[in-house]
Amino acid sequence: MATTLSINGKPRQVDVDQEKPLLWVLREDLNMVGTKFGCGMALCGCCTVHIDGRPTRSCITPISAVVGKQVTTIEHVATTPSGKKISDAWVELDVPQCGYCQAGQIMSASALLANTPKPTDAQIDQAMGGNICRCATYVRIRAAIKKAAGIEEGATA
Amino acid sequence: MSTVLDLDRRAFIRATLVGGAALAFEAKMAIAATPGAKPVMMNAHIRIGADNSFIIGAQNPEVGQGIKTMLPMLIAEELDVDWAQVKIEQTLSDGKLYTGQIAGGSFATPNHFLPMRRIGAAARQMLVKAAAARLGVPEDQLTTGSGKVTHAASKRTLTYAQLAPDAAKVAAPDLATVPLKTPAQYKIIGKSHMGVDTSDIVAGRPLFGIDVSFPGMLYAAVECCPAYGGTITSYDEAAVKALPGVVAVVPINTSYNPKGANDAVAIIANSWWVANKAREALKPVWNDAEARKNSSARFAENAAELYKQAPGADILRRGDVDKALAGAAKKVTADYDYPFIGHANLEPQNCTALYKDGKVEFWAPSQAPERGRALVAEMMGIAPEAITINMTRIGGGFGRRLMNDYMAMSGQIAKAMPGKHVKLLFNRQDDMRHEFFRPGGWHSFEAGLDKDGKLIALKDHFVSYGADGKPIQAAGMGAGEFPGPLLSDICYCVSYMKTNVPTGFLRAPTSNAMAFVFHSFLDEVALAAGKDLPEFMRSILGEPRLIPAVQGQYGEFHTGRALGVINKVCEMSGWKGREGDGKSGGGKGRGFGFYYSHRGYFAEVVDITVRPGGAVHVDKVWVAGDVGNQIINPINAVHQVQGSVIDGIGQTLLGQVVTFVDGAGNRTNFHDYPLPRITNAPSDIVVEFVLSDNPPSGLGEPALPPVIPAIANAVFAATGKRLRSLPIVPANLA
Ligand code: FES
Ligand code: FES
């Protein structure tokens, strides 16, 4: 049965099992591989996308649950105001090491900034706590979020 | 992964090969029929574009250590071009064209610092020669810069692109003697350069092994025998094949077992999600009775048994340690241990392969692709030359990908589907279980102090894994373990037990464990000597001097470089001796750790808080490191150190333990094998490098080990409790 999804503002048709997680539909059926697989159990945050603006783990989200909703992925997030600020800060501070987790980090950070333009350290930890970075780029992740939010280096909002 | 790019890259390499020469530099060849119309191949690393852009081949696997940026920086520096003119392409893995294509041992910096620069310098020299001939002036009147050769006197300038077709025909200079820039002339080295893939990563573009995609590609999931060493007895092929989307079910060998002994079943489908789910119907039966006898409980029993016996062998013995201990004014004894742990790369193991006409092409996220070639050739019985290896960006290495089991499996799977690209992917549980673990181990120490508190004797009985008097992979200990080479009465000895568990190298292998046991124990001995650890270290290190390497035993060690970083970190952190709440219950503590590994000297100080309930948080870390006279890419150097420190925090405090039950690892995902999260990261990690007059060395590993004893020592300072087992768990501090 064909399903129509709204991905990055465009309707996309796929003909797959309704239970197939959005992560694998993006990666296998739509050839959008920016969203990453890390754990498959909502434990690492690699697969984070926005669904109606909310950061969501696509590895445990069957496509049946996203019909009629707006999905935004890493490939498109820089077209949103907070996504643009976050992406720019990520590049400027050279946040990635291996880079594998960074799509998920950017999606979580963009969602944080969209709702909380000047996050406190505690709010940053809270919003980013579900995203693992095996290379442990956390010092720069914090700094980049603050930079994107216009919070001065070293200051705690 | 775009096919266009891929074809382009292969053309790059083929053109080189058409030249017919084997070694990197001799492989130069102009491929421009019309000068300027097509890029000119200067050598296997440099291609000059008609628009005076420079495509530099990055020859080593990129795992996040920044080598894809750094090696081309070295070439670009000596080629004398602007970084903005440079485009970087990952080369193929090809042992005939390139040397040292491996991400391991923090070797890339020391091994390639000169060779990469020489490649750039040689190409520059050829361009200058071509310019001299074209302009009819002596070479020494020409200067270079920004990809141009200038003759100042006649105000004439030629771009490298204009010169490339001629330059490529100039005889390549002797790489050993080609002149190099002095550090004062550096324009690229020593300045921060962003990762070459950073923008693509941030935009979510395909880069990693897992991202490789081809039209009509198939996907494979594998069910491996859980108990290491077991083999397949039977499985329900019909049930799996009946599932929609499944294409084939194939028995394979993971490469943990000898060739021919299949120990895994691959399910190949038109979707990985389908293939992975189909495993539920496989119902495998394993021949694993022998393997299942192994367990962590049994290893611990074996260790206790081995401690009742005389040690199996000496690692280092000098003087008469027993006599020295008998005469010591004070003795300190303690037993330490640490568990098996895993790598947990965030990108699960994967590999894509295409088998066609007896040849196989890989897209492999491997840290050691040439070893992968040898393994595949052996496992599949094909010639090494029939294997092509594309290197993808790698979502974390940490040593796991020095092993190439995924390449061996992927090759066998592709062979079952000739003409089709097949991507093999582990799920997280596969990745956690089918590992090459950092082996656990036990140490029993005895140290002797003289009446002035000077360390005069040290004995360590190490119990580890091995057979026939030899350690298995990554389970050994070096004779150079500090302070071995500095003491006159010393004995490190070892006993080995057998295990079925596959072991391997984990970032700063052996060092990550030895740092904890030796430098926690030294803190205990220092206390007995009435000193703090930095002061005690100074008393052991003595005068700055080089302790020469002893062939077959240990490499050289410079006490002055050690003192340099120890003094530096004390100054940075305002170290004032032992500081902490001790038994007061306040929960704050400060600790120090030093370690020398991978040619890098690192000293670290941590401030911690022991929270109510016993959880330890690292508040702030200071790091002083000596990796020679030149930090090549500062923005990345600092980041490698910060990542290493947090990695060490994870090993120390988060409960990382792999336990073996019935011959198999029992960890499955990040809930039972935790990795550091942002909440575990210190508020700051201050990094400074002590520049010493030594060639630059690597930074992927040596900053990790010292933080582990620093934390353990801080826990003692905070609580008065000496914890001698990793990981440090809240229950022991509550
Ligand atoms: S892959 Fe979805 S949270 Fe890890
Ligand atoms: S950059 Fe490697 S996992 Fe985050």
Side-chain angles (χ1 to χ4, degrees), chain A residues 16-17 20-21 23-25 27-29 31-41 43-44 46 73-78 86-88 90-103 106 121 124-142 154 156, chain B residues 62-66 192 194-195 197-208 210-211 213 219 270-274 276 344-348 393-398 425 427-428 635-636 639-640 642-647 649-650 669-671 675-685:
Chain A
V16 297
D17 192 325
K20 188 166 182 175
L23 169 66
W24 296 108
V25 171
R27 292 187 59 86
E28 297 185 346
D29 301 296
N31 203 19
M32 295 170 68
V33 295
T35 307
K36 295 294 190 268
F37 167 58
C39 68
M41 285 175 64
L43 295 166
C44 74
C46 276
T73 70
I74 185 68
E75 286 90 347
H76 199 66
V77 76
I86 287 288
S87 302
D88 288 350
W90 242 248
V91 171
E92 202 169 324
L93 298 192
D94 203 16
V95 174
Q97 284 191 21
C98 83
Y100 194 75
C101 71
Q102 299 295 346
I106 288 166
D121 285 359
I124 292 174
D125 276 10
Q126 164 88 32
M128 303 304 292
N131 287 83
I132 290 173
C133 175
R134 175 66 180 88
C135 304
T137 59
Y138 299 120
V139 174
R140 284 203 188 158
I141 288 174
R142 279 195 194 124
T156 43
Chain B
E62 174 62 63
V63 293
Q65 82 282 46
S192 285
M194 188 181 85
D197 288 334
T198 293
S199 301
D200 284 347
I201 289 165
V202 168
R205 296 197 184 102
L207 289 164
F208 298 92
I210 199 173
D211 300 340
S213 168
Y219 301 83
N270 59 11
S271 144
W272 183 81
W273 180 69
V274 166
N276 188 51
N345 314 94
L346 211 49
E347 179 189 12
R393 192 176 177 89
I394 301 173
F398 310 106
L425 172 64
N427 69 23
R428 180 52 56 186
I635 193 176
N636 183 50
H639 211 195
Q640 290 300 310
Q642 291 175 331
S644 300
V645 164
I646 300 175
D647 201 349
I649 290 172
N669 210 316
F670 298 121
H671 62 289
L675 292 177
R677 293 176 185 267
I678 198 166
T679 42
N680 304 112
S683 64
D684 202 2
I685 302 171

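Below, all heavy atoms of this structure are taken into account, side chains as well, without hydrogens, waters or symmetry copies. Every chain is numbered from 1, with letters handed out A, B, ... down the list of sequences.
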Colleague: Most heavy-atom pairs under 4.5 angstrom with chain A, which of Ile678(B), Ile201(B), Ile210(B)?
Modeller: Ile678(B)

Colleague: Identify which part of Val63(B) has an atom lying under 4.5 Å from any heavy atom of chain A, answering side chain, backbone, both or neither.
Modeller: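 It is the backbone, since no side chain atom gets that close.
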
Colleague: Given side-chain contact (heavy atoms from CB on, under 4.5 Å), test Arg27(A) with Asp211(B) step by step and report yes or no.
Modeller: CA-CA 8 Å; Arg27(A) 292 187 59 86; Asp211(B) 300 340; 3.1 Å; yes

Colleague: Using modelled atom types only, decide if a donor and an acceptor are shared between the side chain of Tyr138(A) and the backbone of Pro676(B) within a distance under 3.5 Å.
Modeller: yes

Colleague: Identify whether the distance between the nearest side-chain nitrogen and carboxylate oxygen of Asp125(A) and Arg677(B) falls below 4.0 Å.
Modeller: no

Colleague: Of the listed residues (Ser271(B), Pro682(B), Ser644(B)), which shares the most heavy-atom pairs with chain A below a 4.5 Å separation?
Modeller: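 Looking at each option in turn, the highest pair count goes to Ser271(B).
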
Colleague: Closest heavy-atom contact between Gly38(A) and Pro348(B)?
Modeller: O-CG, 4.1 Å

Colleague: To the nearest 0.5 Å, how far apart are CE in Met41(A) and CZ in Arg428(B)?
Modeller: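 Going from the CE atom of Met41(A) to the CZ atom of Arg428(B) covers 11.5 Å.
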
Colleague: Between Asn276(B), Asp647(B), Asn345(B), which has the largest tally of heavy atom pairs under 4.5 Å with chain A?
Modeller: Asp647(B)

Colleague: So which heavy atom on Leu43(A) is nearest to which on His671(B), and how close?
Modeller: CD1-ND1, 3.6 Å

Colleague: Give the member of Asp200(B), Ile646(B), Asn669(B) that has the highest number of heavy-atom pairs under 4.5 Å with chain A.
Modeller: Asn669(B)

Colleague: So what's closer than 4.5 Å to chain B heavy atoms on Asn131(A): side chain, backbone, both or neither?
Modeller: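 Backbone of Asn131(A) only, per the 4.5 Å heavy-atom cut-off to chain B.
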
Colleague: If you count heavy-atom pairs under 4.5 Å with chain B, which of Ile74(A), Ile132(A), Val139(A) comes out on top?
Modeller: Ile132(A)

Colleague: Quick one: which of Glu75(A), Lys20(A), Met32(A), Arg140(A) has the most heavy-atom pairs under 4.5 Å with chain B, could you say?
Modeller: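 Highest number of pairs under 4.5 Å: Arg140(A).
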
Colleague: Non-hydrogen atoms of chain B under 4.5 Å away: do they reach the side chain of Cys39(A), the backbone, both or neither?
Modeller: both

Colleague: Pair Tyr219(B), Glu28(A) - check side-chain contact (heavy atoms from CB on, under 4.5 Å), show working.
Modeller: CA-CA 10 Å; Tyr219(B) 301 83; Glu28(A) 297 185 346; 3.9 Å; yes

Colleague: Side chain, backbone, both or neither: which part of Gln65(B) has an atom under 4.5 Å from a heavy atom of chain A?
Modeller: neither

Colleague: Distance-only criterion, 3.5 Å: show the donor-acceptor pairs between side-chain atoms of residues 93-103 of chain A and protein atoms not counting sequence neighbours.
Modeller:
from	atom 1	to	atom 2	distance (Å)
Asp94(A)	OD1	Gly195(B)	N	3.3
Asp94(A)	OD1	Thr198(B)	OG1	2.6
Asp94(A)	OD2	Gly195(B)	N	3.0
Gln97(A)	NE2	His639(B)	O	2.9
Tyr100(A)	OH	Phe37(A)	O	2.6
Gln102(A)	OE1	Trp90(A)	NE1	2.7
Gln102(A)	NE2	Thr137(A)	OG1	3.1

Colleague: Counting heavy-atom pairs under 4.5 Å to chain A, which of Val202(B), Ile649(B), Asn427(B) comes out on top?
Modeller: Val202(B)

Colleague: Under 4.5 Å from any heavy atom of chain A, what part of Leu346(B) do you find: side chain, backbone, both or neither?
Modeller: both

Colleague: Let me know if Leu425(B) has heavy atoms under 4.5 Å from chain A in its side chain, its backbone, both or neither.
Modeller: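 The answer is the side chain of Leu425(B).
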
Colleague: When heavy-atom pairs shorter than 4.5 Å are enumerated against chain B, which of Lys36(A), Glu92(A), Met128(A), His76(A) gives the highest number?
Modeller: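 Option with the top pair count is Lys36(A).
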
Colleague: Heavy atoms only, distances under 4.5 angstrom: which of Gly396(B), Ala203(B), Gly397(B), Ser683(B) has the most pairs with chain A? Name it, please.
Modeller: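 That would be Ala203(B).
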
Colleague: Side chains of Phe398(B) and Arg134(A): does their closest heavy-atom pair fall under 4.5 Å?
Modeller: yes

